[in-house]
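First up is the structure itself, then whatever we jot down about it.
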Amino acid sequence: MISLREANPFAAFLWLMLAAGIAMFCLNPVLLALSLAGSALYLAVRNPLAARRALPLYLALFALSALINPLFAHNGATPLFVLNHNPVTLEALFYGMAMGGMIASSLCWFRSFQEIMTSDKLLYVFGSALPKLTLILSIALRYIPLLRDQAKRVRDAQRALGLFREENLIDRLRGEARVFSVLVTWALENGIITADSMAARGYGTGRRTRYALFRFRGRDAALCMICLALASVAIAAAASGALRCDFYPRFRLNGGGALGAVGYACYALLAFAPGILEWEENLRWRALRSRI
Amino acid sequence: MKLLVIRSARLRRALGIAIPFALIPAAVLWFALGPGRGHFALSSMLVALMALVLFSCGFERRKTGARRLILVAVMTALSVAGRFVFSAIPAFKPITAMVVITAIHIGPEAGFLTGALSALISNFYFGQGPWTPFQMLSWGLLGLFAGLLSRPLKRSRLLLSLYGVFAGAAYSLVMDVWTVVWYNGALDPALYAAALAAALPYTAVYAVSNVIFLNLLGRPFGEKLDRVKIKYGV
């Protein structure tokens, strides 16, 4: 198999969206725990430094969310204690924990998403469906570093001319506004030249072809198929009510029988596969290097 | 990936009509009356995504000249780059002001695109998440409305400032709906009020910075855009 980072962006996008989305939209503690563990594993394998920095923050968010909900929601059959004449219930605490798990796991999935789905990959994914918007997006993405460099040059020139004062906030704001204003003129003129250059090369005269950095190979198709199969079993189990979980008035997790077990197993594969595939690739890479 | 590109122009056009006119009512019915009742987070996410799809289909179907295309791209890049230019002053972001100025001077559609794409691109730097479609939609709609109101907004500075305050407040109101629905599964009024109260300092800073930027940048940038429009005939 192949890690999501190396796979075709379509497959990686599909996999991450389904893994994050299923747990996000069915509020089931088992699915959420699997999702949280899977996403944390993936982030830890993909980028240990980012994981060390981000995971404590996500855990704090989880705790905060678990504590906030009982303060606002007072339904539930098992009061723990009474605060300001309002009962604080066990069910509300459970619901808050489920919500915290949902938020932490989706933040964690999207952190990994950011690690592997760089802007070129997203442009590739949406390029076939929305060619014109993707073109605008890629031009804008190219302009941002260009504008940042030009802004620095303009600011340096203004400073050298003695036009840029930084004594107080108002002066600084006015100075930056002048830099920005110069930048806008420059960017608009530059943009028109780009547009003329595009027109001169035949933009809009026929069907546009595009250069794709990625190829869709057999293994990418296999990855998509596996992902869709796992996700559809999990979604079917959720839709049939086998994964149903009630929080109010009393916490009750549906056993779900065989279908529920299959659904959990499929989702577990979906959630853990990215981390395991990445880990396997890391191992293989290390083994290859040691032989040299 | 030739399989995924829809080759037939007729099929593409049919899809462009079918998606907005069949799928959105179907989804609304499904979530309002059908088995999807109660899934507020999922339904609001789908509605936001479909609104974006609806708009992009309309944009893709029409012919757009290279110059108009580039102007939108440049204004998007400028509004994101503005975040870096003004990064020395905390919480001051010119994105909304740039979106409004673009919308007033180039048109509602350009305003929507600049708003939505600025949200998407700045999230490349500040983190994508399930909130991305909502940010895209709310900034896009702020641009769209500014474009529709372009005549009074161009004429009166007071109205422009009021629109800046409205934009700051509306952005917080919409984003907090998503925050609460995402967190709670439904729009709980007490929680929504708490979220709004917690966001109040940010809302105030948004509103104030929108007003400052619109007043500071509105006229000169408008003149620049109009000049480019006249000089090159966009």
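Each chain gets a letter, A, B and so on, in the order the sequences are listed, and its residues count up from 1. The figures that follow rest on heavy atoms only: side chains count, while hydrogens, waters and symmetry mates do not. All values reported here derive from a predicted model rather than from experimental measurement.
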### Salt-bridge criterion met for A:E189 and B:K231 (N-O under 4.0 Å)
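Salt bridge present between A:E189 and B:K231.
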
Does any heavy atom of chain B fall under 4.5 Å from the side chain of [X], the backbone, both, or neither of them?
X: A:R215; result: neither
X: A:F25; result: both
X: A:S106; result: side chain
X: A:L133; result: both

Check: [Y] and [X] side chains under 4.5 Å, non-hydrogen atoms:
X: A:Y143; Y: B:T76; answer: no
X: B:W182; Y: A:M24; answer: yes
X: A:I192; Y: B:I70; answer: no
X: A:D196; Y: B:R67; answer: yes
X: B:M75; Y: A:L188; answer: yes

### Task
Verify the neighbour count for atom CZ of A:R244: are there more than 12 heavy atoms of other residues, nucleotides or ligands below 6.0 Å?
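At most 12 heavy atoms, drawn from other residues, nucleotides or ligands, come within 6.0 Å of this atom.
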
### Task
Determine whether more than 12 heavy atoms belonging to other residues, nucleotides or ligands lie under 6.0 Å from atom CZ of B:R219.
no

For [X], side-chain contact (heavy atoms from CB on, under 4.5 Å) partners two or more places apart:
X: B:K229; value: B:D226, B:V234
X: A:L107; value: A:Y58, A:L61, A:I103, B:W131
X: A:A50; value: A:N47, A:R111, A:E115

Under a 4.5 Å cutoff for heavy-atom pairs, which residue among [options] has the most contacts with chain B?
options: A:A239, A:A151, A:A177; answer: A:A177
options: A:S138, A:S65, A:G191; answer: A:S65
options: A:T118, A:I139, A:I136, A:V179; answer: A:I136
options: A:T194, A:L71, A:L135, A:L147; answer: A:L147
options: A:F72, A:Y95, A:F180, A:W109; answer: A:F180
options: A:M102, A:M198, A:M117, A:K152; answer: A:M102

Counting only heavy atoms closer than 4.5 Å, note whether [X] contacts chain A via side chain, backbone, both or neither.
X: B:I121; result: side chain
X: B:R68; result: neither
X: B:L69; result: both
X: B:L191; result: both
X: B:F124; result: both

### Query
Would A:I144 and B:Y125 count as a side chain to side chain contact (heavy atoms under 4.5 Å, CB included) if you check the C-alpha gap in whole Å, the side-chain angles of each, and the deciding distance to 0.1 Å?
CA-CA 11 Å; A:I144 288 166; B:Y125 298 93; 3.5 Å; yes

### Query
Which members of residues 106-119 of chain B, sorted by number, sit under 4.5 angstrom from chain A on a heavy-atom basis?
B:L113, B:L117

### Task
Check for a donor-acceptor pair, side chain of A:K132 on one end and backbone N or O of B:F59 on the other, with a separation under 3.5 Å.
yes

### Message
Testing the basics here: between B:A77 and A:A140, what is the closest heavy-atom pair and its distance to 0.1 Å?
### Response
CB-O, 3.6 Å

### Non-hydrogen atoms of A:Y203 and B:A66 that approach each other most closely
CD2-CB, 3.7 Å

### Query
What is the distance from atom CG of B:L216 to atom CZ of A:R178, rounded to the nearest 0.5 Å?
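With rounding to 0.5 Å, CG (B:L216) is 10.5 Å from CZ (A:R178).
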
### Task
Supply the atom-to-atom distance B:S56 OG to A:F126 CZ, rounded to the nearest 0.5 angstrom.
10.0 Å

